[in-house]
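Worksheet: one structure, shown below.
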Amino acid sequence: MRISQLSAATDVPVPTIKYYLREGLLPPGEQTSATRAEYGEGHVRRLRLIRALLEVGRLPIAAIRRVLAAVDDESLDMHTVLGTAHYALAPAVEPRPDDEDWRRARAEVDRLVADLDWRVTPFAPARDELAQAVLTLGRLGMPATGERLRSYAEAALRLVTERETGVIPFDGPRESAVEALVVLTVVYGRIFDAMRRLAQESVSAGRFEAAGSPD
């Protein structure tokens with residue numbers, strides 16, 4: 001397909017496609033003349049992935065470049081490729097090793113991961129993200145105990161294993177697997193958060209409206 005057809009197939013404007021080509025995010029098409037190139041399904045998949053990383057993941061170009069480099073590196077296994085995307089999506093949290101409260105919060109997180117026997121690298125960004133949340137709760141007088149954290153961990157594991165993992169096309173092109181991971185991580189994260197707020201409202205209504213109703 002020509003670049004205009006690629007644009008129509010992906011809903012990405014031609015000038016944007018040309019920008020991705022100049023930046024090396026999208027591989028060049030097959031030259032058929034001095035001014036024309038042909039593009040294929042691989043370019044469609046790559047554009048879908050770029051859009052997912054940019055529009056859903058809100059990643060900067062530098063981070064997108066790292067993810068795409070991992071996708072293209074055939075020496076990397078799928079776990080590493082998905083991990084590169086996953087880590088890129090993580091919010092920036094600055095560890096504070098000089099802060100005793102921070103060290104305790106991070107130790108609590110590390111103990112939980114070890115107790116759950118989860119295979120998570122020591123430098124996983126989510127460890128620091130969770131430690132920051134534990135630290136904040138502690139300083140607000142609502143400490144997150146190990147048992148309470150475990151209940152959230154078990155719910156998360158159940159959702160990932162029963163609902164999310166089966167949606168990722170591990171046996172297909174790498175771009176498709178990473179695109180699915182990004183969408184699941186970001187969009188389903190929003191769904192879960194929204195569902196919790198709806199549940200909280202429902203429970204609150206049931207509790208306080210019942211308490212305030214006449215006998």
Side-chain angles (χ1 to χ4, degrees), residues 1-95 119-130 132 160 163-193:
M1 69 184 82
R2 293 185 297 185
I3 194 168
S4 59
Q5 295 170 312
L6 179 62
S7 173
T10 59
D11 200 28
V12 177
V14 169
T16 302
I17 293 176
K18 290 182 177 179
Y19 169 72
Y20 294 155
L21 287 166
R22 289 195 303 272
E23 290 294 315
L25 302 179
L26 185 69
E30 181 181 351
Q31 288 294 137
T32 57
S33 71
T35 59
R36 179 173 295 179
E38 288 290 325
Y39 301 89
E41 286 304 314
H43 293 90
V44 173
R45 289 194 299 269
R46 177 56 59 93
L47 281 174
R48 284 173 55 94
L49 175 55
I50 293 172
R51 290 192 66 181
L53 293 168
L54 184 65
E55 298 175 13
V56 179
R58 304 290 185 184
L59 295 183
I61 293 297
I64 292 174
R65 199 186 303 279
R66 289 196 300 272
V67 174
L68 297 180
V71 170
D72 291 335
D73 188 347
E74 295 294 337
S75 69
L76 300 179
D77 59 31
M78 181 60 80
H79 177 66
T80 302
V81 173
L82 294 176
T84 302
H86 221 173
Y87 286 15
L89 292 171
V93 175
E94 189 67 34
R119 298 172 62 185
V120 179
T121 62
F123 49 85
R127 287 183 185 258
D128 286 339
E129 186 181 359
L130 183 54
Q132 182 64 56
V160 169
R163 300 297 177 192
E164 296 185 6
T165 305
V167 179
I168 300 176
F170 294 114
D171 296 331
R174 287 181 165 196
E175 285 96 341
S176 299
V178 175
E179 178 193 357
L181 175 74
V182 171
V183 172
L184 286 171
T185 300
V186 176
V187 180
Y188 270 92
R190 294 172 187 160
I191 288 174
F192 183 63
D193 189 44

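Since we're looking at a predicted model, the values are computed, not measured.
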*Starting at CZ of R190, measure out to CG of D193 and round the result to the nearest 0.5 Å.*
10.5 Å
_For a quick test of reading the model, state the closest non-hydrogen atom pair linking A70 to R174 and the distance between them._
O-NH1, 3.4 Å
*With a 4.5 Å limit on heavy-atom distance, are the side chains of F170 and T165 in contact?*
yes
*Check whether any side-chain N or O of Q31 sits under 3.5 Å from a backbone N or O of R36 as a donor-acceptor pair, and report yes or no.*
yes
*asked:* If you compare all heavy atoms of P169 against all heavy atoms of A177, which two are closest, and at what distance to 0.1 Å?
replied: O-CB, 3.9 Å
*asked:* How long is the straight-line distance from CG of L54 back to OH of Y20, given to the nearest 0.5 Å?
replied: 5.0 Å
*asked:* Under the side chain to side chain contact (heavy atoms under 4.5 Å, CB included) test against V67, which residue among L53, I50, L25, L89 passes?
replied: L53
*Evaluate whether atom OH of Y87 has more than 12 neighbouring non-hydrogen atoms of other residues, nucleotides or ligands under 6.0 angstrom away.*
yes
*Do V71 and E179 come close enough that some side-chain heavy atom pair is under 4.5 Å?*
no
*Where D73 and S75 come nearest, the two heavy atoms and their spacing*: OD1-OG, 2.5 Å
*Step by step, would you call I3 with K18 a side chain to side chain contact (heavy atoms under 4.5 Å, CB included)?*
CA-CA 9 Å; I3 194 168; K18 290 182 177 179; 3.9 Å; yes
_Determine whether a donor-acceptor pair (N or O, by modelled atom type, separation under 3.5 Å) exists between the side chain of Q5 and the backbone of R2._
yes
_Interatomic distance, Y39 atom OH to L21 atom CG [nearest 0.5 angstrom]_ = 5.0 Å
*Give, for atom CG of L68 and atom OG1 of T84, the distance between the pair rounded to the nearest 0.5 Å.*
11.0 Å
*Closest heavy-atom pair and its distance - S7, V12*: OG-O, 2.6 Å
*asked:* Quick check for you: to the nearest 0.5 Å, what is the distance between I17 atom CD1 and H43 atom NE2?
replied: 10.0 Å
_For R45, all residues meeting side chain to side chain contact (heavy atoms under 4.5 Å, CB included), sequence neighbours excluded_ = E41, P173, E175, S176
*Evaluate side chain to side chain contact (heavy atoms under 4.5 Å, CB included) for T10 paired with R51, printing each intermediate quantity in order.*
CA-CA 9 Å; T10 59; R51 290 192 66 181; 5.5 Å; no
*Kindly check if the number of other-residue, nucleotide or ligand heavy atoms within 6.0 Å of CG (D171) is above 12?*
no
*Nearest 0.5 Å, what's the OG1-CD1 distance between T185 and I168?*
7.0 Å
*Using a 4.5 Å cut-off on heavy atoms from C-beta on, say whether the side chain of M1 contacts that of V44.*
yes
